[in-house]
Amino acid sequence: MPSFRSEIAGVSVVELARRFGTPTFVYDAAAVRRRIADLAAFDTVRYAQKACSNLAVLDLVRRGGALVDAVSAGEIRRALAAGFPPVGDPPPIVYTADVFDAESLELCVDREIHVNCGSPEMIDQLGARAPGRGITLRINPGFGHGESRKTNTGGEQSKHGIWHGQIDECLDRAERLRLSIDGLHIHVGSGVDMEHLSRVCGAMERAAAEAGPTLRYISAGGGLPAVYRPTDSPVDPAAYFTLWDAARKRLEQRFGHPLRLEIEPGRYLTAESGYLIAEIRAVKRQGQNTFYLLDAGFNNLARPILYGSYHPMSIAPADDGAGRGEQEVIVGGPLCESGDIFTQEEGGFVSTRRLPEAKVGEYLVIECVGAYGFVMGSNYNSKPLAAEVLIDAGRPHLVRRRQTFEDLIRGEEIPKP
Ligand SMILES: *Cc1c(COP(=O)(O)O)cnc(C)c1O
């Protein structure tokens with residue numbers, strides 16, 4: 001099957017490219033809503049906004065009934081700007097991190113943002129400023145799991161969370177500062193499989209038994225995988241829920257009161273909703289290899305160069321695409337760096353992709369980029385950040401205009417002689 005894509009959520013790719021320019025990220029609102037609905041069995045779906053934090057996406061998630069996680073002062077401000085109230089039960093916004101910087105501590109204290117502490121120091125620092133609060137502890141269960149070594153967030157090599165052997169000590173710290181432990185949280189990485197998940201549930205049960213009956217909720221963290229490769233099998237949200245629900249129920253019996261069960265997906269909610277439209281600017285032969293060179297690079301989508309991530313790709317043909325052959329191509333970007341290649345494997349090994357023949361001026365769509373796509377973009381090579389478009393009910397909305405040169409140099413100054 002040749003990989004053609006002429007429309008996204010009912011809107012023509014060529015029209016989107018002409019109207020908004022390239023490179024542009026396009027998100028399908030309905031796809032995000034479907035993913036939130038998949039997880040309706042959980043008491044709380046808390047969106048890990050670092051996956052895609054455009055205000056319009058946050059607003060969509062909020063209207064979809066999900067709450068939000070923030071890992072920085074900027075993300076707390078985004079959540080507030082998108083209409084999440086600072087305080088509520090369950091807390092609409094949770095700050096999850098391993099450290100406070102000055103600004104995030106100030107915000108959490110002033111706006112009474114609920115804090116998920118990933119280090120003993122956070123307990124001390126919050127307790128000194130806001131005694132009497134309820135907090136969550138993020139536990140590192142001593143093992144992890146990740147899509148890549150860089151996304152593994154548990155175990156001795158990981159900087160994340162409070163070490164499972166230190167829970168007792170942290171309970172003492174919290175008590176001294178009159179902080180109550182409302183919740184426990186474990187997030188060990190992306191791409192969790194079921195066998196691994198039961199280990200995580202077991203670790204949660206042991207940690208919860210230690211933390212005791214002040215607990216009112218447990219969070220399963222994120223890490224639900226998205227389908228990137230044709231060979232990836234989709235996660236079964238019902239099976240995922242069943243395992244966690246059983247752990248929750250055992251803890252409810254032990255404590256004799258109800259426990260809320262939260263899940264905290266990032267990738268799962270937005271990855272498959274997102275597309276990056278780029279224009280093919282050169283079709284170049286280097287010896288045996290054919291390159292499609294785009295106007296998008298790792299300044300727009302860093303996952304391939306960072307993790308060797310695979311993304312589906314397709315061509316939006318200028319005609320109906322009929323009768324075109326296919327070829328193995330290397331797909332790269334415009335940056336002055338040899339690693340600016342979208343078809344690469346972990347370790348930087350260049351690979352090829354079978355794609356339809358295409359001409360300069362046609363568009364190539366990189367798919368499944370709604371998570372850790374735009375948000376990892378940079379201004380490397382003085383490239384402006386791309387535009388973002390949200391399609392809802394067949395209508396495209398520009399939800400972030402492309403940066404201008406003025407945006408790029410804002411704040412820079414040449415010293416006066
Ligand atoms: C990144 C992160 C998530 C989301 O991870 P996904 O793999 O995108 O689901 C959830 N919780 C925390 C604390 C995170 O840091």
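For clarity, every value in this text was computed on a predicted model and none was experimentally measured. Each ligand, and each atom within it, is numbered from 1 in the order the structure gives. All residue numbers refer to positions in the sequence shown, counting from 1.
Close contacts between ligand 1 and G266 involve ligand atoms 4 (C), 6 (P), 8 (O), 9 (O) [criterion: under 4.0 Å to a heavy atom]. Numbered from 1 in the order shown, with element, the atoms of ligand 1 that lie under 4.0 Å from a heavy atom of G222 read 9 (O), 10 (C). Atoms of ligand 1 found under 4.0 Å from any heavy atom of R138 (numbered from 1 in listed order, with element): 13 (C).
Both the sub-6.0 Å distance and the 45° axial angle are not jointly satisfied by R400 relative to the ring of F374. Both tests pass for R353 against the ring of Y310: distance under 6.0 Å to the centre and angle within 45° of the axis.
Below 3.5 Å of separation, one finds an N or O of R267 facing an N or O of ligand 1. Polar contact check, K50 against ligand 1: a nitrogen or oxygen pair lies under 3.5 Å apart.
Judged as a ring pair (Phe, Tyr, Trp, His ring centres under 6.0 Å), and not counting sequence neighbours, the contacts of H311 are Y228. With sequence neighbours left out, the side chain to side chain donor-acceptor pair (under 3.5 Å) criterion links E121 to no other residue.
Between the side chain of T343 and the main chain of I330, no donor-acceptor pair closer than 3.5 Å is present. Side-chain atoms of E75 come within 3.5 Å of backbone atoms of V71 as a donor-acceptor pair (strictly under, hydrogens ignored).
Residue H160 does not touch ligand 1, judged by heavy-atom distances below 4.0 Å. The side chain of Y372, and not its backbone, has at least one atom closer than 4.0 Å to an atom of ligand 1 (non-hydrogen atoms only; side chain from C-beta on). Contacts with ligand 1 closer than 4.0 Å are made by side-chain heavy atoms of A48 only, the backbone lying farther away. At a heavy-atom cutoff of 4.0 Å, ligand 1 is contacted by both the backbone and the side chain of E264.
Residue G223 places a heavy atom less than 4.0 Å from ligand 1. Heavy atoms of T96 come nearer than 4.0 angstrom to ligand 1 in at least one pair.
Atoms CD1 and CD1, on I305 and I341 in that order, are 9.0 Å from each other to the nearest 0.5 Å.
With respect to V45, the side-chain contact (heavy atoms from CB on, under 4.5 Å) criterion is satisfied by exactly one of L67, D38, L269, V68: L269.
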